[in-house]
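Notes follow the structure.
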Amino acid sequence: MTSSVNSITAETPRGSIACVGVGMTLGSHLTPLARSHIQQADVVFAAVSDNVVEMWLERMHPDVRSLQPYYGEGKPRMVTYREWVEVMMTEVRAGKRVCAVFYGHPGIFAWSPHKVIEVARAEGFAARMEPGISAEDCLYADLGIDPGKFGCQHLEASQLLYYDHEIDPTGYVVLWQVGMVGNRSIARDGHGGGHRELLLERLTQDYPLDLEVTIYRCATLPIEQPRIRRLTLQELPHAEISAEETVVFPPAKPLKRNRRFIERLAALDNEQVA
Amino acid sequence: MLDTLDTLEAIGQDAGLRYAAPEDLTEASALAEASDALKTAIREGNGLALANEFGSRVMQLVQVNLSPGREDEEPEEEGDEPEPSRPTGPDSL
Ligand SMILES: C[S@@+](CC[C@H](N)C(=O)[O-])C[C@H]1O[C@@H](n2cnc3c(N)ncnc32)[C@H](O)[C@@H]1O
């Protein structure tokens, strides 16, 4: 028995991968556990938002490999992200403890961290994700929004055009990647206007044109303040919206009582009293 | 002596420094030896001036592609609804 346990241990690949987030703000959001993953890794891959953040990571580990060079002009982002999975897996297969570092939360609106974990596990390697503080977390704090108060939907702007999503205007709606709508590769900026006109058309199915929306950017350096701009929905197609901004729609209609369930709840309560 | 990266990390970790007004922050003792680039960045409230110290680099932001027909997707039958992914239940563990 012992020998078979030993042989399993000996044959189990030692390579592993941890996908961690550095959070949004340098110095403020990195969790002790994420830092430890970085420090204990053999190789660190980095997909962060700012070159200062990348240099900060280099302080924590001598072998930090930027994933930025895999982007290319006119190259579809999905090709880049597949390559990321491959370069990370190459190190895992070589028996390395790999740490992949992403800005924010590694699993929020990101494809490759989820994918690399799926691939690694399928091949029998240890793989895990550690949560990080995302733009979502920051916006609740900076804009004073409680997602539980009216409900809160999170949608990706392009997906809202490609698929028949049902928007619930009685709750908050957070629209991600508005600055990138219709943009599958790098250096196709300037195409946003027409795509955003379509986005406006879609949004006006649920919202009035004069609805005040918030364009939000949280601080990425600790010497910055959040940037919060308010404009009307009709101004959205022509507003400057960067890749680092998120658009928040307030509830535009009152919550509707569900009479049927209220009555059934009351009936239950009465039964219990009787 | 703390250099710019250490100082930024220190500001990010200190509740007093993180929300100090720029004029108070540049005068704080922790920043006595801060570089001109960092002091300018603090005054301006953004990292642009740090390029003078670190150089600038265009960084692409990770974006997801959730549109149909992306490279990792199964080809969709015309009129097919995308399968909602089911959370893993205890019986499929
Ligand atoms: C692919 S998602 C990545 C999100 C990231 N994983 C997170 O945890 O926040 C990119 C989108 O995040 C949002 N985002 C990125 N940086 C931001 C910032 N500094 N402030 C607000 N939203 C931001 C924007 O909507 C952007 O289009």
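The figures that follow rest on heavy atoms only: side chains count, while hydrogens, waters and symmetry mates do not.
- Residues forming a side-chain hydrogen bond (donor to acceptor under 3.5 Å, both in side chains) with A:Asp63 (at least two apart in sequence, or on another chain): A:Arg65.
- In this structure, A:Tyr70 places its OH atom where only 12 or fewer heavy-atom neighbours from other residues, nucleotides or ligands lie under 6.0 Å away.
- Taking chain B as the reference chain and counting heavy-atom pairs below 4.5 Å, the highest number among A:Asp50, A:Leu221, A:Thr220 is found for A:Asp50.
- At distances below 3.5 Å, at least one donor-acceptor pair connects side-chain atoms of A:Asp137 with backbone N or O atoms of A:Ser134.
- Of the candidates A:Glu156, A:Gln159, A:His154, A:Trp176 forms a side-chain hydrogen bond (donor to acceptor under 3.5 Å, both in side chains) with just one, namely A:His154.
- Residues forming a side-chain hydrogen bond (donor to acceptor under 3.5 Å, both in side chains) with A:Ser112 (at least two apart in sequence, or on another chain): none.
- With a 4.5 Å cut-off on non-hydrogen atoms, A:Glu244 touches chain B through its backbone and its side chain both.
- Atom CD of A:Glu201 has 12 or fewer heavy atoms from other residues, nucleotides or ligands within 6.0 Å.
- Heavy-atom distances place the side chain of B:Leu50, and not its backbone, under 4.5 Å from chain A.
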Could you list the donor-acceptor pairs under 3.5 angstrom formed by side chains in residues 19-30 of chain A, with sequence neighbours left out?
from, atom 1, to, atom 2, distance (Å)
A:Thr25, OG1, A:Ala219, O, 2.7
A:Ser28, OG, B:Gly12, O, 2.7
A:His29, ND1, A:Met24, N, 3.0
A:His29, ND1, A:Thr25, N, 3.1

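- Between B:Glu9 and A:Arg35 there is a salt bridge, since at least one side-chain N of the basic residue sits less than 4.0 Å from a carboxylate O of the acidic one.
- Residues of residues 55-62 of chain A placed with any heavy atom under 4.5 Å of a heavy atom in chain B are listed by number as A:Met55, A:Trp56, A:Arg59.
- Ranking B:Glu53, B:Glu44, B:Arg18, B:Gln13 against chain A, the residue ahead of the rest is B:Arg18, based on heavy-atom pairs under 4.5 Å.
- Contact of A:Trp84 with chain B is made through the side chain alone, with heavy-atom distances under 4.5 Å.
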